[in-house]
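All remarks here apply to the structure that follows.
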Amino acid sequence: MAIDKKTVEYVAHLARIELQDKELEKLSSQLHDILGFIDKLSELDTKDVLPTSHILPINNVLRNDQPGQSLTPAKALENAPSSEGNFFTVPKVIE
Amino acid sequence: MEFEPVIGLEVHLHLKTKTKAFCGCSTEFGGQPNSQVCPVCLGFPGTLPVLNKVALEYAIKAGLALNCTVNKFTKFDRKNYFYPDLPKDYQISQYDFPVSSNGFLEIDIDGKIKRIGITRAHLEEDAGKLIHKDSVSLVDFNRTGIALLEIVSMPEINSPQEAYEYLTGLKSILKYLGVSDCDMEKGSLRCDANVSIRPKGTIPLGVKAELKNMNSFKAVRDALEYEIERQAKCLEAGEKIIQETRLWDEKQGCSVVMRTKEGAQDYRYFPEPDLTTFIIDSGLIDEIRKSIPELPREKYQRFIKEYGLSIYDAKLLVLIREDADFAESCMQTYANNDKKLIVNWLNGALLSEANARNCQLCQLGIKAQDLVELVNFVERQEISNLSAKTVLTQMIETKKGPAEIIKEKNLSQISDTGALDGFIEEAIKENEKSVADYKAGKENALMFLVGQVMKKSKGKANPKTAQELIKRRLENA
């Protein structure tokens, strides 16, 4: 699979990462190599192999519907870059 | 050209669990902002979600009631996107292995039964709430992580009314199951609609619009009506319909384009590594199936069959489970084989009282025994229909039985001819013209005189007896 600059730009945008032109070029070639390496897997016949959903051989880990301890608003907001009253605040998201 | 609308509905439902989907925070509505949050639902690094057992059971229960296949294998996936109401920057949802799929819901439309397919019902978590102020947006994460069931219909709904019936039917079933409050005002049920139109009789689907921000089932119906008309006008004017998301503005009665994001959404779903997969064994499915009560449509058919109810009466009575139970105990207590009279009271006077108080029938605090007793008083003509309604209001307000109220308020109907004679004598004396009119062949004049007697007796005269007596009196005069 060919990884061009456009694809890297697109993926960078999805991850909200800003990349310089030079970085784009470097990452394009690196990602190209990585995917080429992964592509080796397609040499295997996986016709009868189920896709892996979880790496551990365990199922059905559930908890009872019992209320636990929540944080206080003050505690919850302790790491917030900005807050107002009991709210987290962010730059306005609609006009 | 005549167009046919094609509608698909997505319903998001808060499951009525005590705690959130993946952590022990309370789901209580109306708590102070950010008081029901913890490191898990705030998406702190190093925390691990664990699925709420009851949420899974409720999802299975709803799937079964909607005639879905409950999948033997189910798993969760991450849906990735950035928005301030989503602290982890991904939503835990289900992509390729939902809890259940391939069901249907039956609705009544134009006197026929129509089956609307249900594609899937899957579990996911809710996002937080944003409040927009002048320069900032406030974020409250109390709702973040509450278990949601997303129920997706097939695009098999062909009119706004069908959409309305589908939603009403769905809500009724879900409330019977007790898996959700289904309260649109509190946001525990939300509905988005996809709608497109195509020339009637053709197969290919048109370009669809997604409608959001409808706050009631009526708003869904109105928004769909508006959108279908808008699209038809577009096509008739030779314009192209653009795929977009539109917000319904209930006050203005129209929808506006929501600012569309550049490019198509790319959610990059992948299996959620923090949760295990789930194998649903048939034992659990059977156990849950056994806990499902008689559902509204079954009850509706049984009411028609067992109690001889009309389609209209049966449909109205089964809508809410507790009310249906109350109605049934009234019908059983009522000795007459023909249940029409007691049902008329339930769907008439009692329903008006409930509507006036913004509550359900069963919340009026009336005992089945007392309602039947009241109806019996009317049947024996011991009180008039009108007085009975007054008694009913008193029963609700004072919690006393009908006999006590009738006695207290002296509401017994006067059927005793002797007691009525005086009123009749007066009415005739005071209304000579009416007497003359009646004798001249005007039947209406008789009813006027009956009205006068009713007035003089303060509504207690038995109108039939009064009419007989006046008639006899005038014809013998």
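Lettering follows sequence order; numbering is per chain, from 1. What's counted below: heavy atoms across the whole structure, side chains too, no hydrogens, waters or symmetry copies.
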Below 4.5 Å from any heavy atom of chain A, which atoms of [X] appear? Answer side chain, backbone, both or neither.
X: B:Ala21; result: backbone
X: B:Cys23; result: backbone
X: B:Phe141; result: side chain
X: B:Phe270; result: neither
X: B:Phe97; result: neither
X: B:Leu51; result: both

Ignoring hydrogens, what is the shortest heavy-atom contact between A:Thr52 and B:Pro271? Give both atom names and the distance.
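Reported closest heavy-atom pair: O-CG, 4.5 Å.
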
Main-chain N/O of A:Pro73 paired with B:Asn34 side-chain donor or acceptor, under 3.5 Å:
no

Using atom types as modelled and distance alone, determine if a side-chain donor or acceptor of B:Lys53 lies under 3.5 Å from a backbone N or O of A:Asp65.
no

If the contact rule is any heavy atom under 4.5 Å from chain B, which residues of residues 80-89 of chain A qualify, in numerical order?
A:Glu84, A:Asn86, A:Phe87, A:Phe88, A:Thr89

State the [atom1]-[atom2] distance between [X] and [Y], to the nearest 0.5 angstrom.
X: B:Phe76; Y: A:His54; atom1: CZ; atom2: NE2; answer: 12.0 Å
X: B:Leu56; Y: A:Asn60; atom1: CG; atom2: CG; answer: 8.0 Å
X: B:Lys18; Y: A:Gln66; atom1: NZ; atom2: CD; answer: 6.0 Å
X: A:Asn64; Y: B:Thr17; atom1: CG; atom2: OG1; answer: 12.5 Å
X: B:Leu42; Y: A:Lys75; atom1: CG; atom2: NZ; answer: 12.5 Å
X: B:Thr276; Y: A:Asn59; atom1: OG1; atom2: CG; answer: 6.0 Å

Check each atom of [X] against the heavy atoms of chain B and say whether the ones under 4.5 Å are side chain, backbone, both or neither.
X: A:Pro91; value: backbone
X: A:Ser53; value: both
X: A:Ile58; value: both

Within-4.5 Å side-chain heavy-atom neighbours: B:Pro39 and A:Leu71:
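A side-chain contact exists here, since the closest heavy-atom pair is under 4.5 Å.
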
Given side chains that start at C-beta, do those of A:Ser70 and B:Val37 come closer than 4.5 Å, heavy atoms only?
no

